[in-house]
Amino acid sequence: MKKILITSALPYINGIKHLGNLIGSQLPADVYARYMRAKGNKVLFICATDEHGTPAELAAIDKKETVENFCENMWNTQKKIADGFFISFDYFGRSSSKQNHELTQHFASKLWENGYLEEVNEKQFFSIEDNRYLPDRYITGTCPSCGYEKARGDQCENCTKQLQPTDLIDPSSTISGSKKLEIRQTKHLYLKQSKLKKKLNDWISKKDNWPILTKSIAKKWLHDEEGLKDRGITRDLSWGVKVANSGKPWKGFENKVFYVWFDAPIAYIAATKEWSEKNFNKEWKNWWITDQGADKVYYVQFMAKDNIPFHTLSFPATIFGSRENWKLVDYIKGFNWLLYEGGKFSTSEKRGIFMDVALKIFPADYWRWWLLSNAPENSDTNFTWDSFQNTINKDLADVLGNFITRVTKFSFAKFGSKIPSNNVYGDLETKTINELDKLYERYNNFLSKIEIRKASQELRNMWVVGNEYLQKAQPWSILKKDEDKAKIITRFSFHLINLYSLISEPFIPDTCQKIRNHFGLPKKSEWPEGLKNSFDNLTNKNDISLPDILFPKITDSEKEIFQDKYSGS
RNA sequence: GGGCGAGUAGCUCAGUUGGUUAGAGCAGAGCGCUCAUAACGCUUUGGUCGCAGGUUCGAGUCCUGCCUCGCCUACCA
């Protein structure tokens, strides 16, 4: 038994996330967590909302709520939606928790003590009408390079040129449109990542097995141009973790908070602490402090590619700089983007499928299956309604669902509501198990390496074996001359269904549970150690009820309606 | 501009350290079955492996150049 710590990137609080966010971290993390748990490992799966920063404040203003209330409500919403997708978090915390405030301040104090922070004076735009400092991207103006009138302060979207906000001609606040902007002098704390460059490089260089995507992004940032840059970790905002040193306000930083990117990763630790305190245990240290047991923990992070620099560099720099025994990540699984019908998901243009809508129109397992079997592991992946309809109807409805229906209806009609007890299996059953065992080994191998797409293919191949078996065994014609043999075939088919309901659980947990309920199978699911010895683990008491169709097909007209409805404004 | 990745069947992709006739799923065609959500099974048609050179007994795989596409480039999280 191993101890496995799993975190999925913190979803930002400013709204409901879309399918791309889901497949970029929470969903694959959930597959891994479920698999590792089923294998008998001790798993701790942690996530939290990322609540600080300008977008959160603006979203609250937009909803005419206080930012505290807004975050509270949105945390509830996001939690509920994650539950709706059967994401099996052990704890879903908040980056605004008391624990995170304390830990963030703790880390900052240590970094200061060890000389990894410095105070830097800089100039920043302040909007008088908005009464706030504006991040670069919240300033709009004319691009000095191409003349595009809606260039942002960080970059011109039209000509892709990198900009400073002061480069813009006729700048205005993106928030209010106000042109009453002034440049003010302000002071910020910088994390001196550059001093830790060698340490980070040595650490990353040893991670031979990390995905190319993860390593190449980290290396790029380390070695690009002048190398790893220092990074401002405070902001002129009110909502966030107050800048403090050893519990006392930091002189000159009374009206500032830490930058979300500083406090968000620390929230992995803080959320574990929340979990610990809610459960009245002190276990969080066993997961996070290496000389208190965490050295035996295998820690895996899941995230989309935008998050990779912060998890490979900034957060490890924070940990290294603290000179304390915090657990570092062992493996980072990064994902590319999910596209929607060839373009980007867009919150503002209402383009694409958002998690709440998704749950309203199709069951969670439909989405889980499509997203996981098409996970953007090697490149950006395109969601299309055609593909979704085709994949669900074929894989879930035809291959798996229909297999279950044909076995169940046959058995129910011929032998009543009990699974036949005859279990003297012959050559065909042996061959079938051997065939499945080969696929199963591959399946397990892919799951342990977190190769989600490939794992899903092997799982599907195992479903196909069920149909192949039935076709060869033909219980419907055997029944006419040898009822006993027909019962054996039927029982073996139920055995396969039982098997499927165990091993498919990481991908389609809801359906697996439904299957087990209908066929009187025990709730507790154990991951078979190999299939050759598990010919039959059904009891003679299994009472079946006829399930409704497990996977109703997606019709052409449904597809067309949704295609049209979510194509954007 | 720089960096990374990709280009393989109509579509989506797999191809381990270079090794016989390049694979899967979907889509197409034919046959079979009738338990089943007109579902399933079997067979089968599709490929100058982006282009041009090179190394090698042998290249989808290695090297060079080129073309096309995607992503990243630090204040969006």
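Being a predicted model, the structure only gives us computed values, none of them experimental. Throughout, protein chains are lettered first and strands after them, A, B, ... in sequence-line order, and every chain is numbered starting at 1. Hydrogens, waters and symmetry mates play no part in the numbers below; they use all other heavy atoms, side chains included.
Here the two rings, on F262(A) and F315(A), have centers that are 6.0 Å apart or farther. Proximity of the aromatic rings of F126(A) and Y133(A) is defined here by a centroid distance below 6.0 angstrom, and this criterion is met. Annotation: Y116(A) is not in aromatic contact with F320(A) [ring centroid separation under 6.0 Å not met].
Ion pairing between a basic and an acidic side chain is recognised when a charged N comes within 4.0 Å of a carboxylate O; D427(A) and K431(A) show no such pairing. A salt bridge is absent between R132(A) and D236(A); no separation between the charged side-chain nitrogens and carboxylate oxygens falls under 4.0 Å.
When heavy atoms are screened at a 4.0 angstrom cut-off, I217(A) is found touching no nucleic acid atom at all. When heavy atoms are screened at a 4.0 angstrom cut-off, K553(A) is found touching base atoms of the nucleic acid. Note on G53(A): nothing from the nucleic acid sits closer than 4.0 angstrom, heavy atoms only. At the heavy-atom level, L228(A) lies under 4.0 Å from base atoms of the strands shown. Within the nucleic acid shown, Q124(A) comes within 4.0 Å of at least one base atom, counting heavy atoms only. Across all strands shown, Y259(A) has heavy atoms under 4.0 Å from sugar-phosphate atoms exclusively, and none from any base. Across all strands shown, W261(A) has heavy atoms under 4.0 Å from base atoms, whether or not it also approaches the sugar-phosphate. Among the protein residues, K219(A) comes within range of no part of the nucleic acid, since none of its heavy atoms lies under 4.0 Å from any strand.
Base-pair partner of A14(B): not found among the strands shown (Watson-Crick or G-U wobble, both distances under 3.5 Å). With a cut-off of 3.5 Å on both pairing distances, the Watson-Crick or G-U wobble partner of A29(B) is U43(B). Base pairing analysis places C57(B) opposite G19(B); the two distances defining the Watson-Crick or G-U wobble pair are each below 3.5 Å. Checking G1(B) for Watson-Crick or G-U wobble geometry (two distances, each under 3.5 Å) identifies U73(B) as its partner. Searching all strands for a Watson-Crick or G-U wobble partner of U37(B) with both distances below 3.5 Å returns nothing. Pair assignment for A9(B): none, as no Watson-Crick or G-U wobble contacts are both less than 3.5 Å. With a cut-off of 3.5 Å on both Watson-Crick or G-U wobble distances, the partner of C51(B) is given as G65(B).
Summarising the geometry, the separation between CG on L439(A) and P on A14(B) is reported as 19 Å, rounded to the nearest angstrom. Taking atom CZ on F492(A) and atom P on C35(B), their separation rounds to 22 Å, with Å as the unit. Summarising the geometry, the separation between CD1 on I392(A) and P on U12(B) is reported as 18 Å, rounded to the nearest angstrom. What separates OH of Y190(A) from C1' of A74(B) is a distance of 11 Å, to the nearest Å. Put simply, NE2 on H52(A) is 19 Å from P on C76(B), counting in whole angstrom units. Remark: P of G25(B) and CD of Q389(A) are 20 Å apart, rounded to the nearest angstrom. Remark: C1' of U37(B) and CG of N467(A) are 12 Å apart, rounded to the nearest angstrom. Rounded to whole Å, atom C1' of A6(B) lies 15 Å from atom CD of E377(A).
G53(B) and C40(B) have their P atoms separated by 46 Å, with the value rounded to a whole Å. Annotation: U48(B) and U44(B) have their C1' atoms spaced 23 Å apart (nearest Å). Rounded to whole Å, the C1' atom of G18(B) lies 12 Å from the corresponding atom of U55(B). A27(B) and U16(B) are spaced 29 Å apart, taking the C1' atom of each and rounding to whole Å. Nucleotides U68(B) and G41(B) have their P atoms positioned 44 Å apart, rounded to a whole Å. Rounded to whole Å, the C1' atom of C11(B) lies 30 Å from the corresponding atom of U20(B). G30(B) and U64(B) are spaced 48 Å apart, taking the C1' atom of each and rounding to whole Å. Nucleotides U56(B) and G50(B) place their P atoms 23 Å apart, quoted to the nearest Å.
Nearest-nucleotide positions on RNA chain B for N307(A) and K414(A) put K414(A) closer to the 5' end. For K17(A) and E468(A), each mapped to the nucleotide of RNA chain B holding its nearest heavy atom, the one lying further toward the 5' end belongs to E468(A).
With A27(B), G15(B), G41(B) as the candidates, the nucleotide lying closest to the side chain of V464(A) is G41(B). Side-chain proximity of N378(A) to the nucleotides A77(B), U73(B), A14(B) is greatest for A14(B). Looking at the side chain of V260(A), the nearest of the listed nucleotides A77(B), C71(B), C26(B) is A77(B). Side-chain proximity of E122(A) to A74(B), A36(B), C75(B): nearest is C75(B). For F410(A), whose side chain is taken as the heavy atoms from C-beta onward, the closest listed nucleotide among C35(B), C76(B), C72(B) is C35(B). Comparing C75(B), A36(B), A27(B) by their nearest atom to the side chain of K409(A) picks out A36(B). You'll find that the side chain of N402(A) is closest to U37(B), out of A74(B), U37(B), C71(B). You'll find that the side chain of R152(A) is closest to C76(B), out of C76(B), C26(B), U37(B). Counting only heavy atoms from C-beta on, S216(A) has its side chain closest to C4(B) among C4(B), C13(B), A74(B). Proximity note for R137(A) (side chain, C-beta onward) versus C76(B), A77(B), G41(B): the nearest is C76(B).
No side-chain donor-acceptor contact under 3.5 Å links N100(A) and S95(A). A donor-acceptor pair shorter than 3.5 Å can be found between the side chains of S477(A) and Q474(A).
Base orientation of G46(B): syn, the glycosidic angle falling within 90° of 0.
Checked against F383(A) for a ring-ring contact (aromatic ring centres under 6.0 Å, His included), the options W337(A), W370(A), F345(A) give a single hit: W370(A).
The line from CG of D50(A) to NE2 of H52(A) is 8.0 Å long, rounded to the nearest 0.5 Å.
Contact check, R442(A) against U16(B): no side-chain N or O comes under 4.0 Å of OP1 or OP2. Taking only side-chain nitrogens and oxygens, K480(A) never comes nearer than 4.0 Å to OP1 or OP2 of C35(B).
Side-chain atoms of D398(A) and base atoms of A39(B) include no donor and acceptor less than 3.5 Å apart.
K414(A) forms no cation-pi arrangement with F412(A), by the criterion of a distance under 6.0 Å to the ring centre and an angle within 45° of the ring axis.
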